[in-house]
Protein chains: 2
Amino acid sequence: MKDDRLSAIRHYLFEKTSASIHEIAEAVGASLPTVRRDLLTLETEGAVRRTHGGARIADSAGIEAAFEVREQTCIAAKRAIGLAAYTDLSPDMSVFLDAGTTVLQVARRIRMNPLPLSVFTNCLAVAQVLTDIRDVSVTLLGGRLRSRNASVLGALAERMLEQLWFDQLFLGASTIGDDGCTYTMDEDEARLNETMITRAARQVTRLDERLDLITDDSLAAPWLDKLAQAGCQTRTVSLDPEEAAEQGEDAA
Amino acid sequence: MKDDRLSAIRHYLFEKTSASIHEIAEAVGASLPTVRRDLLTLETEGAVRRTHGGARIADSAGIEAAFEVREQTCIAAKRAIGLAAYTDLSPDMSVFLDAGTTVLQVARRIRMNPLPLSVFTNCLAVAQVLTDIRDVSVTLLGGRLRSRNASVLGALAERMLEQLWFDQLFLGASTIGDDGCTYTMDEDEARLNETMITRAARQVTRLDERLDLITDDSLAAPWLDKLAQAGCQTRTVSLDPEEAAEQGEDAA
DNA sequence: CAGATAACGATCAATGTCAATCAGAAATTT
DNA sequence: AAATTTCTGATTGACATTGATCGTTATCTG
């Protein structure tokens, strides 16, 4: 399928930064002319920059590709977490969805089986997923745009958050650190998350058993204290064996 | 019977993200033409996005789809207006971009030829276009999400706007009424625009000669007064003959 | 500077997919 | 119970996509 191939080429180029036509053709299992055509379409989309004998990833497309890659890592675990979180929802609740690929799965689940909700979020991707759903009103936090995870941050966001109140907060594991424990939380994000917790009547943070990198993250310890102090109960979702198997090294 | 199959296809696509027609047909136990018909209905509902050989889940059906149809009407005029507005920009300005397809062209122009800017907007599409551009900081207004034009509205947005200040305001013609003069402004949007004007040091509203529907719109008169009172100068951009010709009946 | 090599673009045959029509089956209505 | 409506499945022609080939152009090297 063409769409899958385009996506594969983009992800491959994101990994390698640049590659030759032959390399791409072998990677995606297509012929050379097809790869050329695909690179043409990707170039018109602005995703890649074509060179003689190969192609490079476009600078502007890097963030987007990185987001897609992060979204696909541990996808089964994230979906399972999303389902578990979804079951906690009741009609006419007001919930806050944090920015992150794991929480995004909760949003997708809501889109799949809608129920009347008041949703607050600081993530543009979450807002997009939840647009145009009956009985789901979405309120987006304002603030400085952070392209890395399509979220808003900053003093404006915190001030706006202080005017809100919600029944339940879904603080994604990505906030603490997922996708290979390379994620370091910045100051603004930490403060915003702190404010979130103060505004939530009940906090739920789900920790997958395989995301044990919390112990690796120096920022995790104070957060765990904060969450425990706020009365957070950590739960574990179990993955089906084949789902866990097909993830393999993603745990990293 | 049919509803069950539609639901099954939706769930299957939700799990797999994308799948081929054959795959879906086998999964739900139906023939290929039936699957095609089902995908057609699901596409009109906005649940899936059909591709050649298969279909994908519609992640952000609302924003892009709602915009794309309107974005193509009077595209040449909007581009010309966007270029004219772009020339008014100077480095290190702080500007506000309103929600609308015309203003979106200004954002696209900025992305093509970036310059250091502080951009404020209440439009998710504008924010997306301007993400990850060097020296362009984007601040998004918060508030209740309005799916029609991917913007935020409401008291929260107004309150946030009152904390901001910008040199120049691009209040799109779409705010007053474009795309066939069927657009009626709602109360929240009117109040938000009013607040915008009070926060702008200089307001620029561009009116295309062909968008004469202002005289048809009862809401236009008070707005014109307001704009004139604020010192707005209305200008006209001239379209190249062929560009005007290729638009034809779009004027409506 | 010139030859050689590789890549690019275009064209063509082949495969697969899409859309529309038609016949049959199932469900609902009368 | 009969008839109408709706839905399903198959077929056909049109279209898109893919892969191979060829002529041209660009790049590399001696």
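We name chains A, B, ... by the order of the sequence lines, and we start the count at 1 in each one.
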Can you list the residues that meet the side-chain hydrogen bond (donor to acceptor under 3.5 Å, both in side chains) rule with [X], with sequence neighbours excluded?
| X | answer |
| --- | --- |
| A:Glu71 | A:Arg108 |
| A:Ser118 | A:Ser137 |
| B:Arg144 | B:Asp188 |
| B:Ser151 | B:Asn149 |

Item to complete: Not counting sequence neighbours, list each pair that qualifies as a ring-ring contact (aromatic ring centres under 6.0 Å, His included) and has a residue in residues 92-130 of chain A.
Response: A:Phe96-A:Phe166
Item to complete: Kindly state which residues belonging to residues 22-34 of chain B come within less than 4.0 angstrom of DNA chain D, counting heavy atoms of the residue only, listed by number.
Response: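 Under 4.0 Å from DNA chain D: B:Ala30, B:Ser31, B:Pro33, B:Thr34.
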Practice prompt. Would you jot down, in residue-number order, the residues of residues 1-15 of chain A having a non-hydrogen atom under 4.0 Å from DNA chain D?
Written response: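 Going residue by residue through residues 1-15 of chain A, the ones with a heavy atom under 4.0 Å of DNA chain D turn out to be A:Lys2, A:Arg5.
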Discussion item. Whether the side chain of B:Arg111 engages the backbone of B:Val129 through a donor-acceptor N/O pair (distance < 3.5 Å, no angle test) should be reported.
Written reply: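 Side chain of B:Arg111 to backbone of B:Val129: a pair is present.
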Can you list, pair by pair, the side-chain donor-acceptor contacts under 3.5 Å of residues 46-53 of chain A, counting residues two or more places apart and other chains?
from    : atom 1 : to      : atom 2 : distance (Å)
A:Arg50 : NE     : A:Glu43 : OE1    : 3.2
A:Thr51 : OG1    : A:Gly54 : O      : 3.3

Contacts of [X] that satisfy salt bridge (Lys or Arg N to Asp or Glu O under 4.0 Å) - sequence neighbours left out:
| X | value |
| --- | --- |
| A:Arg5 | A:Asp38 |
| B:Arg109 | none |
| A:Glu23 | A:Lys16 |

Practice prompt. Could you check whether B:Thr51 gets within reach of a base, just the sugar-phosphate, or nothing at all, counting any heavy atom under 4.0 Å?
Written response: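 B:Thr51: backbone/sugar contact only, no base atoms under 4.0 Å.
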Item to complete: Determine the contact category for A:Thr41: base if any of its heavy atoms lies under 4.0 Å from a base atom, sugar-phosphate if only primed atoms, P, OP1 or OP2 are that close, otherwise nothing.
Response: nothing
Item to complete: Taking heavy atoms of chain B and a 4.0 Å limit, find me the 5'-most and 3'-most nucleotide of DNA chain D within that range.
Response: D:dT8 to D:dT17
Practice prompt. Specify the residue among A:His52 and A:Arg37 whose closest nucleotide of DNA chain C lies further upstream toward the 5′ end.
Written response: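 Result of the comparison: A:His52.
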